[in-house]
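One structure below.
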Amino acid sequence: MSAPPLIEFRDVVKQYGKGEAAIRALDGVSLSINEHDFVAIMGPSGSGKSTSMNIIGCLDTPTSGEYLFQGVPTSGFDNEHLTLLRRHMLGFVFQGFNLLSRTSAVENVELPLIYRGMKSAERRALAMEALAQVGLKGRENHTTQELSGGQQQRVAIARAIVTKPALLLADEPTGNLDTKTSIEIMDLITSLNRDRGITVVMVTHEEDIAAHAKRLLRFVDGRLGSDSAVEHGMEATDVL
Ligand SMILES: Nc1ncnc2c1ncn2[C@@H]1O[C@H](COP(=O)(O)OP(=O)(O)OP(=O)(O)O)[C@@H](O)[C@H]1O
Ligand SMILES: [Mg+2]
């Protein structure tokens, strides 16, 4: 039997508010993403991209429909199970970096390992290794505020991968960066997918950034507008 998809949405609806003021952020989305895939999500502002990421990351739950992780419906998970899933399977990189500014790079990267209760020597070794992987060897003791935007985003990526997640979730990972730095960050994310097999789901507003992915999902008004393969930066569109 083949493995179930890593991620599956079955007719997922997310509604905020009630009655006339209700907003359907997601209006019946079905999709599946296999392990080792690299998916870019695009769409206009308010189309449901971040809402989808929050559900995939188990930070929010569908109003109706089902979200399955590795073939298991997440609606059956209690809070403890959801926390374990987030800590052990998922890595998050968001636009605002969310790093502690007066804290060193290595301490920022160690944080998710502290939540796991790992001993300090082991933690330090893994954080140093993750920082080396993102090209920040020698900068481990710099505080966040002493690093450039691109270096800060590398720290955020190191923090996301230090737990060796199956899935990396990136919501506009290059949103605050200049073009050259954006390309470097995308090369890094691409190599994490290609060489380490990490499944990547990334939201972006830029076609050039999305072109790094293997697959492109376009959201329109809380629905999936298209799902297409990305071939050498070109789209073979399969409009739904
Ligand atoms: N916590 C919330 N309460 C109420 N409405 C919300 C909430 N979060 C999102 N929404 C609404 O849901 C819709 C989808 O929002 P979402 O953040 O998913 O959009 P997005 O595609 O990520 O947009 P952007 O490109 O601007 O980041 C929007 O209309 C938004 O106003
Ligand atoms: Mg968003």
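Indexing begins at 1, ligand by ligand and atom by atom, following the structure's order.
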Item to check | Best match, S50, G48, S47: closest heavy atom to atom 17 (O) of ligand 1 | outcome: S50
Checklist entry - Less than 4.0 Å between atom 7 (C) of ligand 1 and some protein heavy atom, yes or no? => result yes
Checklist entry - Would one find an N, O or S atom of S50, in either backbone or side chain, under 2.8 Å from the Mg ion (ligand 2)? => result yes
Next on the checklist: Testing the basics here: between V109 and A130, what is the closest heavy-atom pair and its distance to 0.1 Å?
Outcome noted: CG1-CB, 4.2 Å
Next on the checklist: Evaluate I23 for polar contact with ligand 1, using N/O atom pairs at a separation under 3.5 Å.
Outcome noted: no
Next on the checklist: I need the minimum non-hydrogen distance between Y67 and I56, along with the two atoms involved.
Outcome noted: OH-O, 2.8 Å
Checklist entry - Protein heavy atom under 4.0 angstrom of atom 31 (O) of ligand 1, is there one? => result no
Next on the checklist: Please work out, at 4.0 Å between heavy atoms, whether the side chain, the backbone, both, or neither of P44 comes within that distance of ligand 1.
Outcome noted: backbone
Checklist entry - Can you find an N or O of A25 that's nearer than 3.5 Å to an N or O of ligand 1? => result no
Next on the checklist: Looking at every non-hydrogen atom in both residues, tell me the closest pair between L6 and E35 and how far apart they are.
Outcome noted: CB-N, 4.0 Å
Checklist outcome for this item: Across all chains, not counting sequence neighbours, the ring-ring contact (aromatic ring centres under 6.0 Å, His included) partners of F219 are none
Checklist entry - Are side-chain N/O atoms of T144 and N108 paired as donor and acceptor at under 3.5 Å? => result yes
Next on the checklist: Would you say that more than 12 heavy atoms from the other residues, nucleotides or ligands in this model lie under 6.0 Å from the CG of N79, or not?
Outcome noted: no
Next on the checklist: In this structure, does ligand 1 have an atom that sits under 4.0 Å from one of the heavy atoms of H205?
Outcome noted: yes
Checklist entry - Going by distance alone, is a donor N or O of one side chain under 3.5 Å from an acceptor N or O of the other, for T190 and D187? => result no
Checklist entry - What protein heavy atom is closest to atom 18 (O) of ligand 1, reported as residue, atom name and distance in Å? => result T51 OG1, 2.6 Å
Checklist entry - Cut-off 3.5 Å, side chains only: do E66 and S75 have a donor facing an acceptor? => result yes
Checklist entry - Where the closest heavy atom to atom 28 (C) of ligand 1 is concerned, which of G46, G43, A22 has it? => result G46
Checklist entry - Of the protein's non-hydrogen atoms, which lies at the shortest distance from atom 26 (O) of ligand 1, and what is that distance? => result S45 OG, 2.6 Å
Item to check | Test ring-ring contact (aromatic ring centres under 6.0 Å, His included) applied to F69 - qualifying residues, sequence neighbours left out | outcome: none
Next on the checklist: Counting only heavy atoms, tell me which of M42, K49, K14 gets closest to atom 20 (P) of ligand 1.
Outcome noted: K49
Item to check | For atom 1 (N) of ligand 1, closest protein heavy-atom neighbour | outcome: Y16 CE2, 3.6 Å
